[in-house]
Asker: 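This structure is in structure tokens; I'll ask about it shortly.
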Amino acid sequence: MANSWRHERWDSLRLLTPNWQSRLPGYPYCGSDPDGFLTMPEVVEHISAFAAATSAPVRTHTTVTSVTRIDAGYQVMTDSGEIRCRTVVIASGGANIARVPGVSSAVPKSIECLTPFEYHNPDRLPPGGVLIVGASATGVQLAHEILRSGRPVTLCVGEHVRLPRTYRGRDVLWWMENSGVWNERYDEIDDLERARGLPSPQLVGTPERATLDLNVLREAGVEVVGRLAAIRDGCALFSGGLANQFALADLKMGRLLDTFDHWASAMAQVEADPPERFEATRIPPSPRLSLNLRRGEIRSIVWATGFRPDYRWLNVSVVSRKGELRHEGGAVVGAPGMYAIGLPVLRRRKSTFILGAEDDARDIVGSLLSYLAQGT
Ligand SMILES: Cc1cc2nc3c(=O)[nH]c(=O)nc-3n(C[C@H](O)[C@H](O)[C@H](O)COP(=O)(O)OP(=O)(O)OC[C@H]3O[C@@H](n4cnc5c(N)ncnc54)[C@H](O)[C@@H]3O)c2cc1C
């Protein structure tokens, strides 16, 4: 139960979605701190309480080892027996394996490499400098934590999504939800593939509701460099396109804030402070373009380069060469009666967040019931 939150997250992690957004189908957050951010033990408790309240027949400690198509539907093999069913909903998550770029194979052996699954807290790292590759939610959070442990941190920044924690006195995710941005449906989005591949936003959940962007990290002492392009002869080479990456992220954040403002002015009763605009991301005077990994300055690398799903147990040919499930709004293409939930922009922009489950589950269950009704 709540396995990924229990075993696959670092110790200090809190949700980046405020507590009032941790609602599950028919099960709102009822605690005393709606604007706070759940710690991992609290998330486990919340999900376990939901399971108990719904009395769902959950089989814990059971791994699905294969799913195969049979005449009447699907044969699901688990490590505790076989299940035959007419329909299957794949809810195995989109973040089972850490995505590590191919350049990792050229890292000198003296450097310890970790994925976010292996990182629990800074004590897990050797003393000395840390290179963090990737500046989305995971990368910026780990950069901040590792820096505070006294280790010098260099952060490689590629494409990223910049967001302030609060906007006009409200949580930025309040705006995402209420302005309708998060509810945009998959069939209304122009470039769905791109939307599904977008990095997670640079956000952290803290009691102070603090913004954690690149300006904050640089002020704290993190060295910011461009995207890790290659490692040659033990030397890490960084892209020179940092200024462009910053400009793009700032532009997109500005456009999003414009969307919020337009929505607020079109609605009569939105209670919020006046519009704000934020300082552009400051460009380091001369960002370094290379770093010799053999000199001892860097002792460990954290690959904060994203996650991907793991479908090695799925014996039905519905997975693309990129390793993604082929589906149309959660109905798996080429596999009647097979559905998915919990993947990025599955049916709406919010699909991969906890609060996305409610609307998506209603839609998916509707399709599933129609499918079953057709066959009777
Ligand atoms: C680092 C990180 C931080 C996140 N922070 C937030 C946040 O702040 N707010 C938010 O709303 N969302 C957050 N998310 C997203 C969130 O974890 C999930 O994507 C979302 O809750 C969807 O839940 P899920 O149950 O579909 O997937 P998951 O939570 O990934 O659960 C899938 C489950 O399926 C199990 N599974 C996989 N394969 C098998 C198999 N073969 N047999 C049996 N079981 C299997 C996995 O072990 C896991 O328990 C975060 C994700 C990550 C990776």
Asker: Are any of the side-chain nitrogens in E208 or R165 under 4.0 Å away from the carboxylate oxygens of its partner?
Answerer: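 No, no charged N to carboxylate O under 4.0 Å.
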
Asker: Hey, is D359 close enough to R347 for a salt bridge, meaning N to O under 4.0 Å?
Answerer: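 Not counted as a salt bridge, because no side-chain N and carboxylate O are separated by less than 4.0 Å.
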
Asker: About how many Å separate CZ of F238 and SG of C156, when rounded to the nearest 0.5 Å?
Answerer: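 Those atoms lie 4.5 Å apart.
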
Asker: Before giving the answer on side chain to side chain contact (heavy atoms under 4.5 Å, CB included), spell out for I354 and L15 the whole-Å C-alpha distance, their side-chain angles and the decisive distance to 0.1 Å.
Answerer: CA-CA 10 Å; I354 291 171; L15 290 187; 3.9 Å; yes

Asker: Check the hydrophobic clustering (I, L, V, M, F, W, Y; side-chain heavy atoms under 4.5 Å; chains of links allowed) and say if V224 and L212 are grouped together.
Answerer: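 Yes.
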
Asker: Would you name the heavy atoms of G93 and Y311 that are closest together and state the gap between them?
Answerer: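 Taking G93 first and Y311 second, the nearest heavy atoms are O-OH, 4.4 Å.
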
Asker: Please confirm whether the backbone N or O of N19 pairs with a side-chain atom of D33, one donor and one acceptor, at under 3.5 Å?
Answerer: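 Between the backbone of N19 and the side chain of D33 there is no qualifying donor-acceptor contact (under 3.5 Å).
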
Asker: Is it the case that D261 and Y167 place a side-chain donor and acceptor less than 3.5 Å from each other?
Answerer: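 Indeed, the side chains of D261 and Y167 share at least one donor-acceptor pair under 3.5 Å.
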
Asker: Out of curiosity, I298 CD1 to T154 OG1, how far, rounded to the nearest 0.5 Å?
Answerer: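 Rounded to the nearest 0.5 Å, the CD1-OG1 separation comes out at 4.0 Å.
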
Asker: Evaluate the side-chain proximity of L325 to V332: yes if any heavy-atom separation is below 4.5 Å, no if none is.
Answerer: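 Yes; the side chains approach each other to less than 4.5 Å.
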
Asker: Would you call R124 and E112 a side-chain contact if the rule is heavy atoms closer than 4.5 Å?
Answerer: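 With C-beta onward as the side chain, the pair touches.
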
Asker: Just verifying a value: how many Å separate D171 CG and N178 CG, rounded to the nearest 0.5 Å?
Answerer: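 Interatomic distance, D171 CG to N178 CG, rounded to 0.5 Å: 11.0 Å.
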
Asker: Taking the cut-offs as 6.0 angstrom to the six-membered ring centre and 45 degrees off its axis, would you call R9 and W5 a cation-pi pair?
Answerer: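 Satisfied, under 6.0 Å and within 45°.
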
Asker: Are E177 and R23 ion-paired here, with the side-chain N under 4.0 Å from a carboxylate O?
Answerer: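 So E177 pairs with R23 through a salt bridge.
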
Asker: Report yes or no: does Q141 contribute a side-chain atom to a donor-acceptor pair with the main-chain N or O of T138 at less than 3.5 Å?
Answerer: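 A pair under 3.5 Å: no.
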
Asker: Taking the side chain as C-beta and beyond, is there a heavy-atom pair between Y27 and E358 under 4.5 Å?
Answerer: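 The answer is no; the side chains never approach within 4.5 Å.
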
Asker: Working to the nearest 0.5 Å, report the span between OG of S66 and CG of L314.
Answerer: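 The CG atom of L314 is 9.5 Å from OG of S66, to the nearest 0.5 Å.
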
Asker: When you check the gap from the basic side-chain N to the acidic O, do E159 and R194 get nearer than 4.0 Å?
Answerer: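 Looking at R194 together with E159, the answer is yes, because their closest N to O distance falls below 4.0 Å.
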
Asker: If we ignore hydrogens and angles and just use 3.5 Å, is the side chain of T63 paired with the main-chain N or O of T65 as donor and acceptor?
Answerer: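 Pair absent, no side-chain N/O of T63 close to backbone of T65.
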
Asker: Between T166 and G169, is there a donor-acceptor pair closer than 3.5 Å when you use the side chain of the first and the backbone of the second?
Answerer: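 Not at all, since once roles are kept as given, no pair shorter than 3.5 Å links the two residues.
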
Asker: State, to 0.1 Å, how close L237 and S290 come at their nearest heavy-atom pair, and which atoms those are.
Answerer: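 Looking at all heavy atoms of both residues, the shortest contact is CD2-CB, 3.8 Å.
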
Asker: Less than 4.5 Å apart, side chain to side chain, heavy atoms only: is that true for V270 and W263?
Answerer: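 In short, these two side chains touch, coming nearer than 4.5 Å.
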
Asker: Under a 4.5 Å cut-off applied to non-hydrogen side-chain atoms, are F246 and P284 in contact?
Answerer: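 Counting from C-beta outward, F246 and P284 do come under 4.5 Å.
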
Asker: Would T281 and D250 count as having a side-chain donor-acceptor pair, cut-off 3.5 Å?
Answerer: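 A pair is found: one side chain offers a donor N or O, the other an acceptor, under 3.5 Å apart.
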
Asker: Would you please test R277 and D258 for salt bridge (Lys or Arg N to Asp or Glu O under 4.0 Å) and show each step?
Answerer: CA-CA 10 Å; R277 285 299 174 265; D258 287 344; 2.6 Å; yes

Asker: If only atom types and distance count, is the side chain of R227 paired as donor or acceptor with the main-chain N or O of G158 below 3.5 Å?
Answerer: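 Here the side-chain-to-backbone pair does not exist.
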
Asker: Return yes when atom CD of E279 has more than 12 non-hydrogen atoms of other residues, nucleotides or ligands closer than 6.0 Å, and no otherwise.
Answerer: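 Yes, because the 6.0 Å sphere around CD of E279 holds more than 12 heavy atoms from other groups.
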
Asker: Is the closest basic N to carboxylate O distance between R170 and D35 below 4.0 Å?
Answerer: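 No, R170 and D35 are not salt-bridged.
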
Asker: When clusters are formed by joining ILVMFWY residues with side-chain heavy atoms under 4.5 Å apart, either directly or through shared neighbours, do Y186 and I364 land in the same one?
Answerer: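 As far as the 4.5 Å side-chain criterion goes, I364 and Y186 are not connected within one cluster.
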
Asker: If you group Ile, Leu, Val, Met, Phe, Trp and Tyr whenever their side-chain heavy atoms sit less than 4.5 Å apart, what else falls in with L369?
Answerer: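 V365, all in the cluster of L369.
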
Asker: Inspect the surroundings of CZ in R6 and state if more than 12 heavy atoms from other residues, nucleotides or ligands are less than 6.0 Å away.
Answerer: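 Buried by this count: over 12 neighbours within 6.0 Å.
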
Asker: CD of E188: more than 12 outside heavy atoms within 6.0 angstrom?
Answerer: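 Check passes, neighbour count above 12.
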
Asker: For E42 and T39, test the side chains for any donor-to-acceptor distance below 3.5 angstrom and give the result as yes or no.
Answerer: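 T39 and E42 do have a side-chain donor-acceptor pair below 3.5 Å.
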
Asker: Surrounding CG of D273 (heavy atoms of other residues, nucleotides or ligands, distance under 6.0 Å), is the total greater than 12?
Answerer: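 Atom CG in D273 is crowded, with more than 12 foreign heavy atoms closer than 6.0 Å.
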
Asker: Could you report the tightest heavy-atom contact between G330 and H327, atom names first, then the distance?
Answerer: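 Minimum heavy-atom contact is N-ND1, 2.9 Å.
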
Asker: For the pair V130 and I301, evaluate side chain to side chain contact (heavy atoms under 4.5 Å, CB included) and give the outcome as yes or no after the intermediate values.
Answerer: CA-CA 6 Å; V130 184; I301 296 181; over 6 Å; no

Asker: One thing to verify: whether R84 and E82 come together as a salt bridge, which I'm taking to mean a side-chain N less than 4.0 angstrom from a carboxylate O.
Answerer: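 Yes.
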
Asker: In this structure, would W175 and L173 fall into the same cluster of hydrophobic residues linked by side-chain contacts under 4.5 Å?
Answerer: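 Cluster IDs for W175 and L173 match.
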
Asker: For V100 and T305, work out which heavy atoms get closest and say how close.
Answerer: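 V100 and T305 have their closest heavy atoms at CA-OG1, 4.1 Å.
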
Asker: Excluding sequence neighbours, so at least two apart, what forms side-chain hydrogen bond (donor to acceptor under 3.5 Å, both in side chains) with R288?
Answerer: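 Expected list: E223, E297.
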
Asker: For the pair H46 and Y29, name the ring-plane relationship: parallel under 30°, tilted 30 to 60°, perpendicular over 60°.
Answerer: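 Aromatic pair H46/Y29 classed tilted.
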
Asker: Check for me, please, whether L291 and L155 land in the same ILVMFWY cluster - side-chain distances under 4.5 Å, paths through other members count.
Answerer: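 In one cluster with L291: L155, no.
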
Asker: Give me the one residue out of Q202, E145, H160 that meets side chain to side chain contact (heavy atoms under 4.5 Å, CB included) with V140.
Answerer: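 The single option meeting the side chain to side chain contact (heavy atoms under 4.5 Å, CB included) with V140 is Q202.
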
Asker: Not counting sequence neighbours, which residues clear ring pair (Phe, Tyr, Trp, His ring centres under 6.0 Å) with F278? List them please.
Answerer: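 If we apply the ring pair (Phe, Tyr, Trp, His ring centres under 6.0 Å) test to F278, skipping adjacent residues, there are no hits.
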
Asker: Counting C-beta onward and ignoring hydrogens, is there a side-chain heavy-atom pair between V107 and I231 closer than 4.5 Å?
Answerer: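 Yes - at least one pair of side-chain heavy atoms lies under 4.5 Å apart.
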
Asker: Check whether any side-chain heavy atom of F50 lies under 4.5 Å from a side-chain heavy atom of P25, and answer yes or no.
Answerer: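 Yes, close enough: below the 4.5 Å cut-off.
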
Asker: Any idea which heavy atoms bring W313 and S92 closest together, and the distance?
Answerer: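 That would be CZ2-OG, 3.4 Å.
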
Asker: Given 3.5 Å as the limit, does a donor-acceptor pair link the side chain of T17 with the main chain of Q21, or not?
Answerer: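 Not a single qualifying donor-acceptor pair exists.
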
Asker: Between the side chain of N183 and the main-chain N/O of R185, is any donor-acceptor distance below 3.5 Å?
Answerer: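 Flag not set: sc N183 to bb R185 has no pair under 3.5 Å.
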
Asker: Working to the nearest 0.5 Å, report the span between OG of S12 and NE2 of H144.
Answerer: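 Those atoms lie 11.0 Å apart.
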
Asker: Could you tell me which non-hydrogen atom of L203 sits nearest to which non-hydrogen atom of L16, and how far apart they are?
Answerer: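 Heavy atoms only, the tightest pair is O-CD2, 3.8 Å.
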
Asker: Quick check for you: to the nearest 0.5 Å, what is the distance between R299 atom CZ and R151 atom CZ?
Answerer: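 That separation rounds to 10.0 Å.
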
Asker: What verdict does the side chain to side chain contact (heavy atoms under 4.5 Å, CB included) test give for I90 and I341, after you've listed the backbone C-alpha separation in whole Å, the side-chain angles of each residue and the deciding distance to 0.1 Å?
Answerer: CA-CA 6 Å; I90 299 175; I341 194 163; over 6 Å; no

Asker: Is the backbone of T60 close enough, under 3.5 Å, to the side chain of T62 for a donor and an acceptor to pair up by distance?
Answerer: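 Pair found, side chain donor or acceptor close to backbone of T60.
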
Asker: If the threshold is 4.0 Å, N to carboxylate O, is there a salt bridge linking R348 and D363?
Answerer: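 Looking at R348 and D363, the cut-off is met.
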
Asker: Checking the side chain of S351 only, and the main-chain atoms of L346 only, is there a donor and an acceptor separated by less than 3.5 Å?
Answerer: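 Yes, because the side chain of S351 sits within donor-acceptor range (under 3.5 Å) of the backbone of L346.
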
Asker: Is a side-chain donor or acceptor of N292 paired with a backbone partner of R294 at a separation under 3.5 angstrom?
Answerer: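 Side chain of N292 to backbone of R294, a donor-acceptor pair under 3.5 Å: yes, one is there.
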
Asker: Counting only heavy atoms not in H7, do more than 12 sit closer than 6.0 Å to its NE2 atom?
Answerer: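 Check passes, neighbour count above 12.
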
Asker: I want to check something: taking the side chain as every heavy atom from C-beta on, are M253 and L251 in contact at a cut-off of under 4.5 Å?
Answerer: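 The answer is no; the side chains never approach within 4.5 Å.
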
Asker: According to a 4.5 Å side-chain heavy-atom criterion applied to Ile, Leu, Val, Met, Phe, Trp and Tyr, with indirect links allowed, do V133 and V225 form part of one hydrophobic cluster?
Answerer: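 The answer is yes; both residues are in one hydrophobic cluster.
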
